[in-house]
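Please read the structure below before turning to the comments.
Whatever order the structure lists them in is the order used to number ligands and atoms, beginning at 1.
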Amino acid sequence: MKCKITNEEIKPFMSFGKMPPANGFLEKKDFKNETFYDMEVGFSEKISLFQLNKFSNPKIIHSVNYPFYTASSEYMKTHFKKYADWVQKEYLKSHSKLIEVGSNDGTFLKNFTKTNIDYLGFEPSKTVANQATKNNVKTINAFFNDTNIQNLKKFHNKTDVICAANVIAHIPDLKNLIHTIEKLLSLKGVFIFEEPYLGSMFSKTSYDQIYDEHIFMFSITSVKKIFDLFDFELIDVLWQKTHGGSMRYVVGRKNKHKINDRVHEEIIKEKNRKLDDIISCLEFKKNCEISKTKAMKSLKKIKNDGKKICGYAATAKSTTVLNYCNLNTDTIDFICDSTKEKIGKFSPGAHIPIVPVSHFHKNLPDVAYLFAWNHKDEIFSKEKEFLKKGGSWFSHVSLQK
Ligand code: DWN
């Protein structure tokens, strides 16, 4: 395996076994054509970067029917409103230029539609890009890369902010991404992005953050080292509660900004935690194996006690859990979800039926595996009746406060 940035040879330190594409929800007729890859992860010690070995082609994943809408979570809508307000306050002026990479259904950019900010979203997936257009959000239905920005001359060297959230880890060619940013940003412009944080994944053993779309799992140290290789530097970092613990990174051209003290402080903390060292990966591997054994044992016991189990939220993450822990309809009867594109289909690999949330309400199980553990507060407050009627929640990630 080769590091996707430095090209150095690295050795995968762990395999999660055969995996289908995480969002490859499918119909019965397509079971026989389902594809799998060996989900291996490796770590570049040079740039401290946690990464997948093989991954699916983004052109296939983000084709016509990408089934994830940012607005599927009320909490995320509020988060993106706050993110937009923060960007506006810290980095935008009247008539500034703003671009979002992977703007999905326009949840973030919608906050700028009534301002004088000259904004634009890039979204390759047609279904979600169409939703953004319906929301009156200016969206280009294409990948963000140096070819697709060629005609956007008014943004070249004049863009004040390029933003992204839960997108950069999906882009295998980070060099092209950085090159594209270089062409667009003004001299003092900034690139701001948020991603699930390696440190949070390690402390929660939330290995389900790993799947074909998440090619990288960033730490502050890795982001600093990546941008140091180019004409950019990491100037600020801010921890976020989203997706079980994320980090917001702010990057600018070299020597054009003051670097916030937080960057140095957090890098020291990461060093103390050995997040820049393969040792922490090997510890994580051990914890994943323990988590798998524990989950399989607990679920088996629940079944043996004659109880019914269902899944709640057919997340991309659930594909990793189900396939890594060898779970199927012998254990989990159905998974309920609010996304119309997933309902009526089957989960990738495990082939568990995906049903509407109303089905869950009419057929309450004894135990619900909360696959969207990252949205637990939102889901718990909607599903209070489930507990009142004697149900209980289950997850491989702690559901305590
Ligand atoms: O990076 C990514 C993140 C941001 O979103 C993508 N690669 C794909 C996706 O990952 P995910 O599917 O694991 O995301 P979420 O936000 O944890 O889960 C979304 C799913 O959960 C949707 O299918 C909708 C469902 N859901 C639900 O049925 N009821 C979500 C909530 C909040 C609910 O109340």
Side-chain angles (χ1 to χ4, degrees), residues 19 21-25 52 55-56 58 60-62 65-80 83 100-105 107-108 123-125 127-128 131 164-172 193-197 200-201 204 206-218 240-247 310-322 334-345 347-348 352 354-361 368-384 386 393 395-397:
M19 279 291 157
N23 268 314
F25 295 89
L52 270 187
F55 52 89
S56 303
I60 295 172
I61 298 176
H62 299 283
N65 274 324
Y66 186 64
F68 173 74
Y69 294 81
T70 304
S72 63
S73 156
E74 286 303 317
Y75 178 78
M76 290 310 289
K77 284 204 260 184
T78 311
H79 171 75
F80 281 111
Y83 184 13
E100 189 187 8
V101 185
S103 47
N104 198 274
D105 54 13
T107 299
F108 171 74
E123 174 50 55
S125 309
T127 39
V128 281
Q131 185 58 46
N166 309 307
V167 169
I168 303 309
H170 297 64
I171 302 178
F193 65 106
E194 295 182 359
E195 294 294 328
Y197 178 54
S200 304
M201 181 178 82
K204 289 190 159 72
S206 47
Y207 61 82
D208 50 338
Q209 290 289 9
I210 305 167
Y211 49 88
D212 59 332
E213 297 177 21
H214 287 176
I215 300 161
F216 305 104
M217 192 56 66
F218 297 112
Q240 306 294 316
K241 190 180 167 216
T242 51
H243 295 295
S246 300
M247 197 60 74
C310 87
Y312 196 105
T315 58
K317 295 184 289 295
S318 69
T319 298
T320 298
V321 178
L322 294 168
F334 61 82
I335 305 172
C336 71
D337 196 276
S338 59
T339 314
K340 63 179 189 314
E341 282 87 348
K342 295 181 186 175
I343 294 167
K345 293 192 175 165
S347 73
I352 300 171
I354 314 299
V355 298
V357 181
S358 58
H359 182 95
F360 169 77
H361 294 143
Y369 199 136
L370 184 60
F371 291 122
W373 50 265
N374 46 316
H375 298 305
K376 71 176 159 65
D377 294 344
E378 180 174 345
I379 293 173
F380 286 177
S381 74
K382 281 195 286 206
E383 302 295 358
K384 289 190 181 122
F386 174 51
W393 295 102
S395 173
H396 58 290
V397 173

Checking a contact table here: which protein heavy atom is nearest [atom], and how many Å away?
atom: atom 11 (P) of ligand 1; result: Ala316 N, 3.5 Å
atom: atom 2 (C) of ligand 1; result: Tyr211 OH, 3.6 Å
atom: atom 27 (C) of ligand 1; result: Ser338 OG, 3.4 Å
atom: atom 31 (C) of ligand 1; result: Ser72 O, 3.8 Å

Exercise for review: Please name the residue in the list Glu100, Lys77, Met76 that meets the side-chain contact (heavy atoms from CB on, under 4.5 Å) test with Phe108.
Suggested key: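 One option only clears the test, and that one is Glu100.
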Give the contacting part of [X] toward ligand 1: side chain, backbone, both or neither, where contact means a heavy-atom distance below 4.0 Å.
X: His375; value: side chain
X: Trp373; value: neither
X: His214; value: side chain
X: Thr70; value: neither
X: Thr315; value: both

Nearest to [atom] by heavy atom, [options]: which?
atom: atom 24 (C) of ligand 1; options: Asn104, Asn166, Thr339; answer: Thr339
atom: atom 34 (O) of ligand 1; options: His243, Glu341, Lys382; answer: Lys382
atom: atom 19 (C) of ligand 1; options: Tyr75, Phe360, Phe68; answer: Phe68

**Study point:** Atom pair CZ/OG of Phe371 and Ser395 - distance to nearest 0.5 Å
**Key:**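 Result: 8.5 Å between the selected atoms.
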Review point. Are any side-chain N or O atoms of Ser125 and backbone N or O atoms of Thr127, one a donor and one an acceptor, separated by less than 3.5 Å?
Key: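 Between the backbone of Thr127 and the side chain of Ser125 there is no qualifying donor-acceptor contact (under 3.5 Å).
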Review point. Looking only at distance, does Glu378 have an N or O less than 3.5 Å from an N or O of ligand 1?
Key: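 It does not: no N or O of Glu378 is found under 3.5 Å from an N or O of ligand 1.
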**Study point:** N/O separation below 3.5 Å, Asp337 to ligand 1
**Key:**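 Checking ligand 1 against Asp337, an N or O pair does fall under 3.5 Å apart.
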Exercise for review: Over 60° means perpendicular and under 30° means parallel, so classify the ring planes of Tyr83 and His79, tilted if in between.
Suggested key: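 His79 vs Tyr83 ring planes: tilted.
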Practice item. Assign the ring pair His396 / Tyr369 to parallel, tilted or perpendicular, where the plane angle (0 to 90°) is split at 30° and 60°. Key: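 Geometry flag for Tyr369 against His396: tilted rings.
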Report yes or no: does [X] have a heavy atom closer than 4.0 Å to ligand 1?
X: Met76; answer: no
X: Tyr66; answer: yes
X: Glu74; answer: no

Exercise for review: Please report the C-alpha distance between Phe334 and Ile354 in whole Å, then the side-chain angles of each, then the deciding distance to 0.1 Å, and finally whether the side chain to side chain contact (heavy atoms under 4.5 Å, CB included) criterion is met.
Suggested key: CA-CA 6 Å; Phe334 61 82; Ile354 314 299; over 6 Å; no
Exercise for review: Just do the side chain to side chain contact (heavy atoms under 4.5 Å, CB included) check on Phe360 and Tyr312 with the steps written out, would you?
Suggested key: CA-CA 8 Å; Phe360 169 77; Tyr312 196 105; 3.8 Å; yes
